[in-house]
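The model shown is predicted, which means the values in this text are computed figures rather than measured ones.
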Amino acid sequence: MHRLPEECSAHKPAMCYNTARRRRYFPFRVSVGIMQRSLPSILDGLNEQQREAVVHGDGPLLIFAGAGSGKTRVLTHRAAYLIRERGVSPHRILAVTFTNKAANEMKARLRRLTPGQHRSLWVGTFHSICARILREDGERVGVPQNFVVFDDSDQTALIKDCLRDLQLDPEQFVPSRVLNSISAAKNELIAPRDYFNWRGGRPYDEIVARVYERYQHQLHENAACDFDDLIDYTVWLFERHPDVLERYQDRFHYVLVDEYQDINFAQYRLIKLLAEKHRNLCVVGDDDQAIYGWRGADMRIIMRFDEDYPDARVIKLEENYRSTGNVLRAAWEVIRHNEVRREKRLWTNAPPGEKLVCHRARDEHDEAFFVADTIQHLVEHEGRSFRDFAVLYRVNAQSRVFETVFVSRGIPYRVLGGLRFYDRAEIKDLLAYLRVIHNPADSVSLKRIINRPTRGIGATTLQRLEQAARERGLSLLEAARHAEAIPEIGPRPQRALAQFVSLIDGLCARKETVGVTDLTKAVIEQSGYRTALEEEKSAKARGKIENVDELLSATREYEESAEKPSLAGFLESIALLTSVDELEEGLETVVLMTLHSAKGLEFPIVFLVGLEEGLFPIARAAFSDNPMELEEERRLCYVGLTRAKENVFLTSAELRTIFGRTEHTMVSRFLKDIPEELVEAYGPISPRNITWEAADTSRRAAPEAAESGPDGSGFASGDRVRHPHFGDGMVVSVSGTEERPIISVAFPHKGIKKLDPAYVELEKLG
DNA sequence: ACGGGCGTCTTTTTT
DNA sequence: AGACGCCCGT
């Protein structure tokens, strides 16, 4: 019998901080169900619109599915309906989701609705589906069969190499920014040679274009794709090889796409090509929940669906089954301020429920105390469990204070999206070994491990080796294999290299005969990795050894659950894992995550924290004169509010220290959008460790009451000022001493400037 | 070749 | 406040 992990850990008094523990490989292990006597009905319990969407026949269909309107249900029931009632072979259906978790959930539900048939249905994320297609047919566009997927850190490492090769100053051309530009181009299917014109031909763009070109070249040399390549190469495969496209078109008579509001141009193109022939394209989305514009998603795509397909059926799902009336009303009051949105409004039969609670804390510690107090109170006195709560924040950096406070209070919690298990250095090292074994051309991974653990191959040797590899057109491993022919490398490093090559060769020889777990074991032992850690004898090293052992249970788990386990499959599934995929359900813990990660999830009680101008909405949007950025922030707020089934707590801090800077804050404008009658306010509370009852007595009428302009400079947060050079801006904070205040002013396009009024003439605007 | 220590820089969200 | 990179001493 397989013991599910929650059975083991649910009643442990200790917390399961995910900082110490790997999360399970598969977020969803669907428990083996009892045999279905009779199939669940497909149409029962659906409302009129849902039913309409499910039974829609052929032709394009657009479903606007508001938050909590039963979207997943409609999607799965539609697939089941096609299979059971219309005789469509599941083999002919493709369903594209945003996360693996959503894909797994859909599979699990389909298993119940169409037992025995669900297996041949393709469900996956854009990236996993494309990876699968490229694995099959990628060679037609130059993608080798054993390609690897480069993650974020691989990409950055490679970009840095490219900058170095082109002798560009990484100060001037910040790797992460260059990478963003390249990614933006790839989202729009722009190839390196078109980049310069596409961007408008500034001198900077010419440089980026050269880096882009080199980067692509290097990816190719490494037999690697980055995330965006997976989509782009598949589109190119389809565009250049109509026979391949037709094969897939004929396979997938029905295409379903979830989260359509968050797709980018390349993904749009891909879906368009796939669905072109049969035109049975069903897309589901909600323009009010479009929150990925910053990474190339284009909500105009969903807005224009009915222009693209004039015969499209459009169905709106507006009945909400998740939240109370008050929560829904609050969400509405926020989102209705957006200009760019389809007309629609969620409604519910549910009672109004409790009011939202708002609290303005003194600083971020008090904010965390308030959240902890509230959680403890509700758990102790109102029968709530820790799993009922989610703390949602705008930026990951906010999680730390909550972690500290939760640890001290003994509140069990998990943080999503921080440092993932697979991002840890020791795990990445071992994965790099596996990747080199799988794909010897992967020089980025090889560089990572060539001297880890240290084996006498230092920076100088590596440099010489790379040089030789470049000159001879060899991969790093090939160059290392012939190290004795490189005169620049001394005899000692040559021997070390020879030994390293034979280590890799030995491991490669075993990859065909042993499973992933045994191979990984061999890597850990033969590479000397474990020995090196054991010799270190520090607490840190012991933790690493634990993680290394955890990796072995991950491979074991993979081999048990995968249909056809392989090294390639294991590596790929890790590369395409998202942070929510690691959210295991049913654990008795509070969950902390960003608002972005929370999309698609729901919790009885939600804390929306850090509701401050400049944090949420984030500074860039708050002080930008591009209203679209603010609209995206507002949608993010809408997403946060609609995660709650029963209660919402909204918090902010008067003083916030973040990234080592302390600043006075103003309450978020989103909070002010919510009508007073929906909100009750608590605070401010000054003594720490207050109890809920204490907070209760310090109830105040308005949360903004504590806002003040705290100094003698004549300037306060929120003032509009005119600068002789920068123009008009808004004071966002006042710091420094009372005699010598320093004022931070946000100027549109120019960012936030720290100004000393003693030197600059600042005119206060009425 | 290697590791420690110091200084600098960065901080939106992530498939 | 933390991560990272660089430089220096061993």
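A salt bridge does not link A/Arg341 with A/Glu631: every distance from a Lys NZ or Arg NE/NH1/NH2 to an Asp or Glu carboxylate oxygen is 4.0 Å or more.
With sequence neighbours left out, the side chain to side chain donor-acceptor pair (under 3.5 Å) criterion links A/Ser128 to A/Thr125. In terms of the side chain to side chain donor-acceptor pair (under 3.5 Å) criterion, residue partners of A/Asp151 (sequence neighbours excluded) are, by chain and number, A/Ser153, A/Lys428. Residues forming a ring pair (Phe, Tyr, Trp, His ring centres under 6.0 Å) with A/Tyr393 (at least two apart in sequence, or on another chain): none. The side-chain contact (heavy atoms from CB on, under 4.5 Å) search around A/Thr156 returns A/Lys160, A/Pro175, A/Leu179, not counting sequence neighbours. Partners of A/Ala191 under the side-chain contact (heavy atoms from CB on, under 4.5 Å) rule, at least two apart in sequence or in another chain, are A/Arg193, A/Asp194. By the side-chain contact (heavy atoms from CB on, under 4.5 Å) test, A/Glu188 pairs with A/Ile190, A/Trp198, A/Phe265, sequence neighbours left out. Considering only residues two or more places apart in sequence or on other chains, A/Phe616 meets the ring pair (Phe, Tyr, Trp, His ring centres under 6.0 Å) condition with A/Phe670. Applying the side-chain contact (heavy atoms from CB on, under 4.5 Å) criterion to A/Thr642, with sequence neighbours excluded, gives A/Ala67, A/Ala331, A/Tyr638. A search for ring pair (Phe, Tyr, Trp, His ring centres under 6.0 Å) contacts involving A/Tyr292 returns A/Phe98, A/Trp294, A/His596, not counting sequence neighbours.
For the pair A/Arg400 and C/dG2, the criterion of a side-chain N or O lying under 4.0 Å from OP1 or OP2 is met.
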Could you list the protein-to-nucleotides 1-6 of chain B atom pairs, N/O on both sides, closer than 3.5 Å?
from: B/dA1; atom 1: OP1; to: A/Thr461; atom 2: OG1; distance (Å): 2.8
from: B/dA1; atom 1: OP2; to: A/Thr460; atom 2: OG1; distance (Å): 2.8
from: B/dC2; atom 1: OP1; to: A/Gly456; atom 2: N; distance (Å): 3.0
from: B/dC2; atom 1: OP2; to: A/Asn451; atom 2: ND2; distance (Å): 2.8

Could you write out each protein N or O paired with an N or O of nucleotides 5-10 of chain C at a distance under 3.5 Å?
from: C/dG5; atom 1: OP1; to: A/Lys160; atom 2: NZ; distance (Å): 2.8

Check: How does protein reach along nucleotides 8-15 of chain B, written 5' to 3' as B (base within reach of a heavy atom under 4.0 Å), S (only sugar-phosphate), or - (no contact)?
Finding: ---BBBBB

